[in-house]
Amino acid sequence: MKTIKLITIGLAFFIASSLVAMAQFASPLAPGNIFPTKHYFGLFIGLGQNIQRGTITPNCPSCEFEKGNKFGFTAGLLYDYKFMENLYVGATLEYNYLGIDAYFREIETHTIEFESPIGTTVREKANVRFQHEANVDIHNLTIMPYIKYEPLEFMFLRLGFNVGYNLTTDILHRKTLDQKVIKLSNGEVASAKIPHLSRNSIVEDGELAGASPFQMYLSPAVGFNLKLGEELTFSPVLSYSKALTNISTIGDSPQVDTWRLIFELRIDITPDREFY
C-alpha cells in the first residue's frame with residue numbers, strides 16, 4: 001500500500017507540473033510563446049488478454065484459483081492537448097471487460113455405484129478426479145489522465161494512471177466430474193457414476209467474496225501515428241495495464257493485468273484562433 005501511495009503522489013506531481021507548463025505555453029501573454037497548441041478528440045477500441053495475478057478464493061473450503069486468463073476488450077473516448085512541440089497531456093474515459101477463467105483439479109473420495117457382471121448394483125468407495133472452473137466476470141469503468149511524448153513524428157510513448165470502478169465482480173464456480181471410468185479394487189473398470197451428484201454442478205453463482213470495486217492501474221503504452229488527412233490520425237497502440245489494487249480482499253493479492261492492441265482515431269478540433 002505504501003508503494004501505491006508513492007506512485008500516486010509521483011504521478012500527481014508529474015501531471016500537475018505538466019499542466020502548469022501547459023498553461024504557460026498556452027497563454028498568449030507568456031513570453032516566447034511561438035508554438036501553436038493543438039486539441040484532439042478521439043475514440044478507440046482495444047482487444048487483448050486479461051491476466052490473473054495472485055490467488056482468487058471463492059466461498060468454497062480449500063478452493064484456490066491461480067493463473068487465470070481470458071480474452072478482454074476496451075473501448076472509450078480520449079482527449080489530447082498538445083502544449084509543446086513533442087509533449088501532450090490528455091485523458092481517456094474507458095470501459096473495460098476484465099473477465100478471467102481459471103481452473104484446478106482435485107481428487108476426492110466418493111462412494112460410486114456400478115453394475116456387477118450378474119446384474120446387481122454394487123457400491124464402493126474410490127478416488128475420483130474433479131475439475132473446478134471459475135468464470136470471473138468483471139465490467140469496469142476508468143478515467144485515465146496521461147502524459148504523452150512524441151520522440152518522432154510517427155511514434156509516441158504514453159504513461160497513464162487509471163482510476164476506476166468495477167461495476168460488477170461476479171463469479172460462476174462449476175465443479176465437473178473429470179473422468180468417465182474408475183478402476184475398482186477388484187481390477188474391474190466401471191463408469192464413474194456417483195449417487196446424488198451430477199457430472200456438472202454449480203458450486204457458487206454470485207458476487208465474488210470480498211469484492212473491491214475501487215481500482216487503480218499504471219498504464220504505459222507505445223503507439224504509431226498514421227495520417228489519414230489534414231485533421232484525421234489513426235494510431236495502433238500497444239498498451240499494458242499493471243493493477244495496483246486487488247479485486248478482492250480475500251485471497252492472495254488477486255489482481256487483473258491487461259495487454260491490449262488498441263486502435264485510436266483522432267480528429268484535430270483546434271479552434272482557428274489558437275493558431276498564432
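Side chains are part of it too, since the values below use all heavy atoms of this structure and drop only hydrogens, waters and symmetry mates.
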Legend entry - Ring geometry between F71 and F73 (parallel below 30°, tilted from 30 to 60°, perpendicular above 60°):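 If you compare the ring of F73 with that of F71, the planes turn out tilted.
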Examine the side chains of [X] and [Y] and answer whether a donor and an acceptor come within less than 3.5 Å of each other.
| X | Y | value |
| --- | --- | --- |
| E94 | T74 | no |
| Y97 | D137 | yes |
| Y146 | D80 | yes |
| Y95 | H139 | yes |
| D268 | T270 | yes |
| R53 | N246 | no |
| E150 | N225 | yes |
| N135 | E133 | yes |

Inset, instruction - Answer whether the closest heavy-atom distance between the side chains of I247 and V256 falls below 4.5 Å. - result: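 Of all side-chain heavy-atom pairs linking V256 with I247, at least one is under 4.5 Å.
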Inset, instruction - Taking the side chain as every heavy atom from C-beta outward, state whether S219 and M144 have any pair of such atoms under 4.5 Å apart. - result: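 A side-chain contact under 4.5 Å exists here.
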Examine distances only and state if a side-chain atom of [X] and a backbone atom of [Y] form a donor-acceptor pair shorter than 3.5 Å.
| X | Y | answer |
| --- | --- | --- |
| S248 | I250 | yes |
| R129 | Q179 | no |
| T92 | L78 | no |
| Q215 | G164 | no |

Taking all atoms of both residues into account, what is the closest heavy-atom pair of [X] and [Y], and its distance?
| X | Y | answer |
| --- | --- | --- |
| I147 | Y88 | CD1-O, 3.2 Å |
| N50 | G72 | ND2-CA, 3.5 Å |
| T57 | A209 | O-CB, 4.4 Å |

Inset, instruction - Could you grab the distance from atom CD1 of I56 to atom SG of C63, nearest 0.5 Å is fine? - result: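 Going from CD1 on I56 over to SG on C63, the span is 12.5 Å.
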Legend entry - Cluster link L43 to I267, ILVMFWY, side chain under 4.5 Å: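 Yes, it is one cluster - the side chains of L43 and I267 are joined through contacts under 4.5 Å.
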Legend entry - Hydrophobic cluster membership, M84 vs Y149, 4.5 Å side-chain cutoff: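 Yes, M84 and Y149 fall within the same hydrophobic cluster.
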Inset, instruction - Decide side-chain hydrogen bond (donor to acceptor under 3.5 Å, both in side chains) for E66 and T55; before the verdict, give the C-alpha distance in whole Å, the side-chain angles of both, and the deciding distance to 0.1 Å. - result: CA-CA 5 Å; E66 299 177 322; T55 302; 3.2 Å; yes
Inset, instruction - Would you indicate whether I143, at its atom CD1, is surrounded by more than 12 heavy atoms from other residues, nucleotides or ligands within a distance under 6.0 Å? - result: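 Counting neighbours around CD1 of I143, 12 or fewer heavy atoms of other residues, nucleotides or ligands fall under 6.0 Å, so no.
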Inset, instruction - Give a yes or no on whether K227 atom NZ has more than 12 heavy-atom contacts from other residues, nucleotides or ligands under 6.0 Å away. - result: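 Above 12, so yes.
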Legend entry - Stepwise side-chain hydrogen bond (donor to acceptor under 3.5 Å, both in side chains) check, D257 with Y240: CA-CA 8 Å; D257 298 346; Y240 175 71; 3.0 Å; yes
Inset, instruction - Measure from the ring center of F104 to the ring center of F65 and say whether it is less than 6.0 Å. - result: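 Ring centres of F65 and F104 closer than 6.0 Å.
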Inset, instruction - Flag the pair R158 and E264 as a salt bridge only when some basic side-chain nitrogen lies within less than 4.0 angstrom of an acidic carboxylate oxygen. - result: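 The answer is yes: the pair qualifies as a salt bridge.
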